[in-house]
Amino acid sequence: MTDTYDPNALVDRWLPIWEQRGIFEAGGPDDERPRKYVVDMFPYPSGDLHMGHAEAFSIGDAIARFAMMRGANVLHPIGWDSFGLPAENAAFRRGLDPRDWTYANIAVQAESFRRFGISFDWRTRLHTSDPQYYRWTQWIFLRLYRQGLAYRKASLVNWCPVDQTVLANEQVIAGRCERCDSVVTKRNLTQWFFAITRYADRLLEDMVPLEGRWPEHVLTMQRNWIGRSTGAHVDFAVQGRLEPVRVFTTRPDTLYGATFFVVAADSALADELCADDRRAEFTSYVETVRSESEIERMREDRPKTGVFLGRHAINPLSGERIPVYAADYVLAEYGTGAIMAVPAHDQRDLDFARAFSLPVRMVVDTGNADPALTGIATTGDGVLVNSGPYDGLRKAAAIQRVTDDLAAKGLGEPAVTYRLRDWLLSRQRYWGAPIPIVYCDACGEVAVPDDELPVRLPESGYSLRPEGGLSPLQSATDWVRTTCPRCGGEARRDTDTMDTFVDSSWYFLRYPSAHDERQAFDPGQLRRWAPVDQYVGGVEHAILHCLYSRFLVKVLHDAGDLDFVEPFEALINQGQVIMAGASMSKSKGNLVNLQEEIAKYGPDAVRVTMLFAGPPEDDIDWADVSPTGSGKWLARVWRLSGEIGRAALESDPGSGTSHLRQVTHRTIDEVTRLMTGSRFNVAIARLMELTSALRKAVDGGAMDSPAEAAAVREGGEALARMLSVFAPFVAEDSWARMGQQPTVHEAGWPTADPALVVQDVVTCVVQVAGKVRDRLQVSAQIGAEELRSIALTTDGARRALDGRGVQTVIVRPPKLVNIVPV
RNA sequence: GCGAGAGUGGCGGAACAGGCAGACGCGCCGGACUUAGGAUCCGGUGCCCUCGGGCGUAGGGGUUCGACUCCCCUCUCUCGCACCA
């Protein structure tokens, strides 16, 4: 055993031993230990692991290892989210097949994970781009298809002109492509959707039990994303149209304040309603609107525009005739694509009314100044005015009454709308799971039978680059040409592939039976493991990935495949690793290379630095933290273990109650609690304190006395066991240096002796007028009366009182006395 | 604009339930050992000070014997959403 601390040599020493013993493999069905399923969001193979991976997986590993050390049967799996557009683009840039590029990266990442010492059960390893995996992604698609939850629809979709593909709403950030930042345009294409909106209410309701277990802001983001609004549908007759036009409003109480009517300019309805003499103006307006980018449309200070359509709508309750406009501030996709405009109580309507000199009629008196004069719409509570039979009602009562009256007359009904849209999953790209549908001239749209899955991606030999909005798979003509599973006639395959979020929204169901060739997931295994007890990953997936996973689990539950409705019982979003105040990027030149950091400090020091920097959810600025400092601490532990190792193994700390034993057991007690709350930074601070206490004892000659040496050994061994969850290599080597057999990871979490945790003597603070004036060492069991009289006679108290009398004394034995002078 | 969260030393951050503010670490200062130190070990380190104390958790007010912690107002920052009717 060498005496020079070389962190990277420890990796080579212990990795083969751990792997040979299989110590991180989950127990089988007969394993009686309590089970825990810990999942890190699986990586995307875009290159080697980076600093962000190191942080996320350090957190997940600490959680998984802590559970293992406490005697749980832990499933800690790993896989790769290996389909997707970035890999495809990167491969084409290099003139490579996406498959080769992807699997080469996976190999590199897997080896990096190994050497980083993450406690994965490698038997679970899966890749979403394996036919053995995407076969079941296709099976899940068909599961939704048969339930009517997957459907095809021609619609105006978000189009990224650079990536040449359709994007889900969720992938458009402020009008730009999430991936390449180019300005998104619109296209009319027939696309596949999952009907996630049908699950909107359940996605909302089922969040209640997640309170306190998921980050609050993630729940808020999901709620906002779903965007449930309650109100009413109201039918307005429009001249020259048989059917009334329906609007959605959250403020039916303001119906008498509607002074005009607006339909979305780009909707079919606007086109239909346009009067002949307005056609020219309307057409040119729509052209202007269409040519504007999303960015321009979303400019905050953008003036309201629109055109009068030459018709009027009839207010169903008041009978008033109001003009109908087309405008781009009304969205075709939200609600019904038409609104009643109440300028007095809606700022957007007011802005439009002022731009077009339309009347503004206040119908709810909120006590604020008239919006017609101020230009500020009022939205608060108030009393109805100018509203015929509803005058005098308060807002809430009026909403109820108006809605009821509309319903009674068949002119409307209570309604709920959502911001959430159905999940658009078709992608005109090569590197994804093909959609398992064929089109037959005789039978139409036909599902590929389950036993013909997977529909494999054609291997190569085609131009696989996206062109002109056509899926690259269209050029694979002999792949496209197939036979209809129903009639045996000629048929064509769907040439789109699925959004990779489909792949990643069910992988945690596959892990426990990752290589099962008969089914997507094993219900028996899932009964043992699922749902995921702890999920760890970046906040960038707080909406998309988490919402889609929640949706899919509910669908599979309803299909009778699963007996739970939420995939992730608890969620931690780790912060980002940044450098010198900015997110890392090659162009900023502030990229920190993970492998270089590991080469310099060893994997353990990098892990400890990540976890010690602050709470897991906080960002880490690598410029503010010190891998050197973490490395120094680990080296201290390692050297200490060598000194402890020279003391006799068999010595027993016995029943001694030395100060050091108390420190050890209090540390165990506290670190155990801190780990339960994922308070890794504080837990590490406590372990550092224990290290210093042990160092001090050894330097003070403790090793010369058998009893004291035994207490040092007890502390050192407890330290190694606890350290193992953060710094597995150093902990393991220290364990061996103290003369113990491998491995520390099987040694179990130390147990605190309650007798040593309880403080028998405590420090009592003596305050005068709330300021600390003295400190006392008193028995933890001291009575209030006794403590009061001792406190009053302390030097500090007497000096501070300076002859003044005592008004009252607050005694909180044994920790505090506060003397209040006259 | 709307919603959520956060402001503590030079820096990252501690403070369980209203009871010793600044644990632990970085940085800095000093010392020991040393041919040497970018190794190791030990000590110091919120600010001011007449060495008794005074001030101090963004700012202002309040509740309390006692407030980083609870309440109100203001300021600043971060994140999310952003014409969603």
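Residue numbers begin at 1 in each chain, while the letters A, B, ... track the order of the sequences. Source: prediction; values computed, not measured.
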Of the candidates B:C41, B:G13, B:C20, the side chain of A:Pro615 sits closest to B:G13
At 4.0 Å (heavy atoms only), tell me whether A:Arg223 reaches a base, stays on the sugar-phosphate, or touches nothing. nothing
Given B:A85, B:C24, B:C42, which nucleotide is nearest the side-chain atoms of A:Ile339? B:A85
What interatomic distance, in whole Å, is found between P of B:C49 and the corresponding atom of B:G54? 16 Å
Heavy atoms under 4.0 Å, any strand shown: does A:Gln347 hit a base, just sugar-phosphate, or nothing? nothing
Of the nucleotides B:A14, B:C24, B:A85, which one has an atom closest to the side chain of A:Val682? B:A14
What integer number of Å spans the P atoms of B:G60 and B:A67? 15 Å
Row check, A:Phe352 ring normal vs A:Lys304 NZ/CZ: under 6.0 Å, within 45°: no
Would you indicate which nucleotide in B:C42, B:C20, B:A23 comes nearest to any side-chain atom of A:Asp699? B:C42
Take the protein atom CZ of A:Arg812 and the nucleotide atom C1' of B:A17, then report the distance between them rounded to whole Å. 13 Å
Applying a 4.0 Å non-hydrogen cut-off, can you work out what A:Arg775 is touching in the nucleic acid: base, sugar-phosphate, or nothing? base
Nearest to the side chain of A:Ile810, which nucleotide is it out of B:G19, B:C20, B:A85? B:G19
Can you tell me if the side-chain N/O atoms of A:Ser626 get under 4.0 Å from OP1 or OP2 in B:G27? no
By nearest nucleotide on RNA chain B, pick out whichever of A:Glu333 and A:His217 is the more 5' one. A:His217
Under a plain distance cut-off of 3.5 Å, with no hydrogens placed, do A:Thr417 and A:Tyr334 share a side-chain donor-acceptor pair? yes
Base, sugar-phosphate, or nothing for A:Lys304, non-hydrogen atoms under 4.0 angstrom? base
Can you tell me, in whole Å, how much space there is between the C1' of B:G22 and that of B:G46? 7 Å
Check A:Val324, A:Ile339, A:Val342, A:Leu358 against A:Phe260 for a side chain to side chain contact (heavy atoms under 4.5 Å, CB included) and give me the one that passes. A:Leu358
Rounded distance in Å between the C1' positions of B:C65 and B:G1: 45 Å
Nearest-Å distance once atom C1' is located in both B:G25 and B:U45: 14 Å
Could you give me the CA-CA distance, side-chain angles and deciding distance for A:Glu333 and A:Arg419, then say whether salt bridge (Lys or Arg N to Asp or Glu O under 4.0 Å) is met? CA-CA 9 Å; A:Glu333 319 88 62; A:Arg419 212 187 79 107; over 6 Å; no
Of the nucleotides B:A85, B:G12, B:C83, which one has an atom closest to the side chain of A:Asp328? B:C83
Using a cut-off of strictly less than 4.0 Å, decide whether A:Arg639 has a side-chain nitrogen or oxygen near OP1 or OP2 of B:C41. yes
With heavy atoms under 4.0 Å as the rule, sort A:Thr808 into base, sugar-phosphate or nothing. nothing
With P as the reference atom in both, quote the distance from B:G44 to B:A4 in angstrom, rounded to an integer. 46 Å
N/O to N/O distances under 3.5 Å, protein versus nucleotides 52-56 of chain B:
from: B:G53; atom 1: OP1; to: A:Arg799; atom 2: NE; distance (Å): 3.4
from: B:G54; atom 1: OP1; to: A:Arg773; atom 2: NH2; distance (Å): 3.3
from: B:G54; atom 1: OP2; to: A:Arg773; atom 2: NH1; distance (Å): 3.3

Tell me if B:G9 is syn or anti. Syn = glycosidic torsion within 90° of 0, anti otherwise. syn
In RNA chain B, consecutive runs of at least three Watson-Crick or G-U pairs below 3.5 Å, as range with range, amount to B:1-7 with B:75-81, B:10-12 with B:24-26, B:27-32 with B:40-45, B:46-48 with B:53-55, B:58-62 with B:70-74
Between A:Phe356 and A:Tyr325, ring centroids under 6.0 Å: yes
Mapping A:Ser630 and A:Ala332 to their closest nucleotides on RNA chain B, which lands nearer the 5' end? A:Ser630
Return the value, rounded to whole Å, for the distance between atom CE of A:Met221 and atom C1' of B:G80. 5 Å
Quickly work out the A:Asp618 CG to B:G5 P distance and round it to whole Å. 15 Å
Grab the CG-C1' distance between A:Asp621 and B:G25 for me, whole Å please. 16 Å
Out of B:C20, B:A85, B:C41, minimum distance to the side chain of A:Arg695 belongs to B:C41
When the C1' atoms of B:G12 and B:C16 are considered, how many whole Å apart are they? 22 Å
Is it true that A:Asn315 and A:Tyr256 share a donor-acceptor pair across their side chains at a distance under 3.5 Å? no
Quick one: label A:Asn818 by what it contacts on the DNA or RNA (base, sugar-phosphate, nothing), any heavy atom closer than 4.0 Å. base
Return the value, rounded to whole Å, for the distance between atom CZ of A:Arg679 and atom C1' of B:A23. 12 Å
Grab the CH2-C1' distance between A:Trp633 and B:C26 for me, whole Å please. 15 Å
Is any side-chain N or O of A:Arg636 closer than 4.0 Å to OP1 or OP2 of B:A39? no
Suppose you measure atom P in B:A82 against the same atom in B:C28; what distance do you get, rounded to whole Å? 46 Å
Tell me, do A:Glu597 and A:Val592 make a side-chain contact under 4.5 Å, heavy atoms counted? yes
A:Asn681 has an atom CG; how far is it from atom P of B:C24, in whole Å? 14 Å
A:Glu55 to A:Gln576 - nearest heavy-atom pair and separation: OE1-C, 4.2 Å
Expected output: side-chain A:Asp619 to main-chain A:Gly575 donor-acceptor under 3.5 Å: no
Indicate whether the side chain of A:His345 and that of A:Thr254 have a donor and an acceptor atom separated by less than 3.5 Å. no
Could you tell me whether a side-chain N or O of A:Asp621 sits under 3.5 Å from a main-chain N or O of A:Gly581, the two making a donor and an acceptor? yes
Nearest-nucleotide pick for A:Asp624, side chain only, options being B:C11, B:C24, B:A85: B:C11
Is it true that a side-chain atom of A:Asn590 and a backbone atom of A:Ala580 form a donor plus acceptor pair closer than 3.5 Å? no
Can you identify which nucleotide, out of B:G12, B:A23, B:A85, has its nearest atom closest to the A:Ser229 side chain? B:A85
Taking the side chain of A:Trp225 as heavy atoms from C-beta outward, which of B:C81, B:A85, B:U40 is closest to it? B:C81
Nucleotide B:G13, atom P - distance to CE of A:Met688 in whole Å: 15 Å
Going by atom types only, do A:Gln222 and A:Trp214 share a side-chain donor-acceptor pair under 3.5 Å? no
